[in-house]
Amino acid sequence: MNPFEIALVTAEALSKNPEVKEAVAVKPGYVNFSLKGDVYKRELQKLITDSAYFNSDYGAGKKINLEFVSANPVGPLNIVSGRAASYGSALTSLLKRAGYDVTSEFYVNDYGRQMDLFGISVKERYFELCEEGYKAQIPEGGYLGGYVTDLASKLREEKGDALYDEYRGKEFDLKKNFFRAWGLERMVEAQKKTLESFGVVFDRWFYESELHEAGEVKEALSIVEKNGHIREEDGARWFKTTKFGDDKDRVVIKQDGEYTYFASDIAYMRNKLEKRGAETIINIMGPDHHGYIKRLEAIIQALGRGLEGLEVLILQQVNLLEGGEKVKMSKRAGKIVTLDGLMEEVGKDAARFFFVMRNYNSHLDFDISLAKEQSDKNPVYYVQYAYARVCNIFGHASEKGAETGPEKNFAAADFSELNEEEAGLVTSVLDIGDVMTEAAVKRSPSLLVQALNGLVSSFHSFYNMHRVVGGGREAERLFILSALKVALEECFEILGITKRERM
RNA sequence: GUGCCCGUAGCUCAGUAGGAUAGAGCAACAGCCUUCUAAGCUGUGGGUCGGGGGUUCGAAUCCCUCCGGGCACGCCA
């Protein structure tokens, strides 16, 4: 049987279904079919009344730990984190709707060398303020950003010179000192605040130090050692990651007896899997971490699990341009382009939208001057405008005394003959649920953005061709718009975009 | 050198669990407001899907190879 013959048989069978209006086979092997109007009407009704209409049980309650952003607490969040936050947050929502049991998580690297250097940097800037002529000695790899000086003056406001008197001339404990602890707290606070105003909230903030304090790093290493994956060389202890496809073994305990960051990661992954029962771990990381994938794969296997339990998504680089010229984004260089700054320039909604417009594996050029300059032509306005228009129609309908409640309009609506624009709008609305599931499965919120654009485009076309209030099919159209409004709200919520009732 | 990502319209990019005539926005051009918001709509022009080979009834999508761009390859985190 060739494809067309199969299509013929299928079309014939479909035609017998009482909900099918028409089904025709098309070469080379497609079946085009349409449903009866009442089917659409019934589905729209479900969408309006059931808040879980777009959800699916695809994930069957599987436990996923989704980690993203996880920026070191040594500075304000930058634009790379912004992309991660935007993407990760949308993906979290999508996975939850697709029936997964998701925990979104931010890992705070508050234990290692970076944190030590940050503590020193804060101390030096503080000393600079306390002592006339003191020249801050920021060590190699320390933090030169102006925010460190700001922190220092805030600290001086709080404490005066008390800390200067306490710490001056004494040996400085890199791990246990006020500056480090205080700076950490301030930075995490600041990052949380930034994320909150960006509309991103994590289920859990997990501190690396928790693992050390609970002895889990030691514990995890002994398990890996018991499984035969540790060796000693040059006074250091190595995890034999080459057994799992890495190109070289990795140090877990340095010559000086300190654990490496990688050692914490073993404990961290074990914590997610064993202590908290995650069945799948998803890590969203920057492109500079792709060399880390093999190491993570080694960990999960050394813990006796399969590779299918780990998924590493490399979110590609963001190139920030200003007037076509590249802006360098190194945290350590001190010349920082922050997420707060971006929101101020282009607005939260535009930033959130831009960051998920393209898929995670593509580089992203973000021209800040362009986004700013063309802000009224920004694609996010296109979708927000549709929502405002819908709201406006309902407002107008009320003024004219029309029935706006979906229940009554459902009863009055005749869906037997939808025109082209009505039908297009209805199918676009109903399609959103499938798109959400697909976007979750493919880890591509950009698919939802695309569908949302299509949906909104259907609406704008419809709007320009047909009147709703006093257009002759008022109940039908208001009923459709009730459903559209719900669909838009759901999409906006996932993408973190504000519903604007007026524009 | 090795690994990963990318190469699609003038520009920025969607689309890659193989399927119909490859899409959108911006830019260009021509129209649409006495009527629910013109931040909108309608139409026109614009393509060797980086090149070449292969698999298939069918390839932007899968395989091989080459070219071009980006990033990463620490007892850093």
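Computation of the quantities below employed the complete heavy-atom set of this structure, encompassing side-chain atoms and omitting hydrogens, waters and symmetry-equivalent molecules. Residue numbers start from 1 in every chain, and the chains themselves are labelled A, B, ... in the order their sequence lines are given, proteins ahead of strands. The structure displayed is predicted, hence computed values, not measured ones.
Atom CD1 of A:I284 is separated from atom P of B:C4 by 21 Å (rounded to the nearest Å). Atom CZ of A:R358 is separated from atom P of B:U8 by 13 Å (rounded to the nearest Å). Rounded to an integer number of Å, the gap from A:E399 CD to B:U35 P is 15 Å. Rounded to an integer number of Å, the gap from CE of A:M503 to P of B:A38 is 12 Å. Put simply, OH on A:Y360 is 13 Å from C1' on B:C6, counting in whole angstrom units. In this structure, CD of A:Q317 is placed 10 Å from P of B:G70, rounded to the nearest angstrom. Look at CD on A:Q316: it is 17 Å from C1' on B:U12, rounded to the nearest Å. One can place OH of A:Y207 at 17 Å from C1' of B:A77, the figure rounded to the nearest angstrom.
Of the side-chain N and O atoms in A:Y463, one or more sit less than 4.0 angstrom from OP1 or OP2 of B:A38. Contact between the side-chain N/O atoms of A:N464 and the OP1/OP2 oxygens of B:C32 is not found at any separation under 4.0 Å. Listed pair A:Y261 / B:A77 fails the phosphate criterion, with no side-chain N or O lying under 4.0 Å from OP1 or OP2. The side chain of A:S446 places an N or O atom within less than 4.0 Å of a non-bridging phosphate oxygen (OP1 or OP2) of B:G15. Close to B:C75, at under 4.0 Å from its OP1 or OP2, lies a side-chain N or O of A:K248. The phosphate of B:C41 has OP1 or OP2 within less than 4.0 Å of a side-chain N or O from A:Y382. Put simply, A:N359 has no side-chain N or O that comes within less than 4.0 Å of OP1 or OP2 on B:A14. Of the side-chain N and O atoms in A:K294, none sit less than 4.0 angstrom from OP1 or OP2 of B:U2. Remark: A:S362 is in phosphate contact with B:A14, judged by side-chain N or O atoms under 4.0 Å from OP1 or OP2. Between A:S461 and B:U42 there is a side-chain polar atom (N or O) within less than 4.0 angstrom of OP1 or OP2. When the side-chain nitrogen and oxygen atoms of A:R237 are compared with OP1 and OP2 of B:C75, none of them lie within a distance under 4.0 Å. Contact check, A:K442 against B:G15: no side-chain N or O comes under 4.0 Å of OP1 or OP2.
At the heavy-atom level, A:D234 lies under 4.0 Å from base atoms of the strands shown. Among the atoms of the strands shown, none is found under 4.0 Å from any heavy atom of A:N453. Here A:R467 lies in heavy-atom contact (under 4.0 Å) with a base. A:Y292 comes within 4.0 angstrom of a base, heavy atoms only. If you check every strand for non-hydrogen atoms under 4.0 Å, A:H460 touches sugar and phosphate atoms only. At the heavy-atom level, A:E474 lies nowhere under 4.0 Å from the strands shown.
Residue-to-nucleotide proximity on RNA chain B shows that, of A:Q255 and A:F394, the 5′-proximal contact is made by A:F394. Between A:P379 and A:W238, the residue anchored nearer the 5' end of RNA chain B, judged by the nucleotide with its closest heavy atom, is A:P379.
Comparing the P positions of B:A9 and B:A60 gives a spacing of 15 Å, expressed to the nearest Å. Only the P atoms considered, B:C6 is 33 Å distant from B:U44, to the nearest whole Å. Separating the C1' atom of B:A24 from that of B:U8 is a span of 13 Å, rounded to the nearest Å.
For B:A9, there is no paired nucleotide, since no Watson-Crick or G-U wobble pair has both relevant distances below 3.5 Å. Nucleotide B:A20 forms no Watson-Crick or G-U wobble pair with any nucleotide shown, as no partner meets the under 3.5 Å limit on both distances. Base-pair partner of B:C73: B:G1 (Watson-Crick or G-U wobble, both distances under 3.5 Å).
Side-chain atoms of A:Y463 and A:E421 include no donor-acceptor pair closer than 3.5 Å. One side chain, A:E216 or A:N271, offers a donor N or O that lies under 3.5 Å from an acceptor on the other. Defined by atom type and a distance below 3.5 Å, a donor-acceptor pair is present between the side-chain atoms of A:D265 and A:Y292. Using a 3.5 Å distance cut-off with no hydrogens or angles, the side chains of A:Y268 and A:E105 do pair a donor with an acceptor.
For residues 453-472 of chain A, no residue pair satisfies the salt bridge (charged side-chain N to carboxylate O under 4.0 Å, His left out) rule, not counting sequence neighbours.
Between the base of B:A20 and the side chain of A:N32 there is a donor-acceptor pair shorter than 3.5 Å.
The glycosidic torsion of B:C33 lies within 90° of 0, which places this base in the syn conformation.
Of the residues A:S446, A:P379, A:S362, the one that meets the side-chain contact (heavy atoms from CB on, under 4.5 Å) test with A:M357 is A:P379.
A cation-pi arrangement is present between A:K175 and A:Y111 under the rule of less than 6.0 angstrom and at most 45 degrees off the ring axis.
The backbone N or O of A:L174 sits less than 3.5 Å from a side-chain atom of A:N177, completing a donor-acceptor pair.
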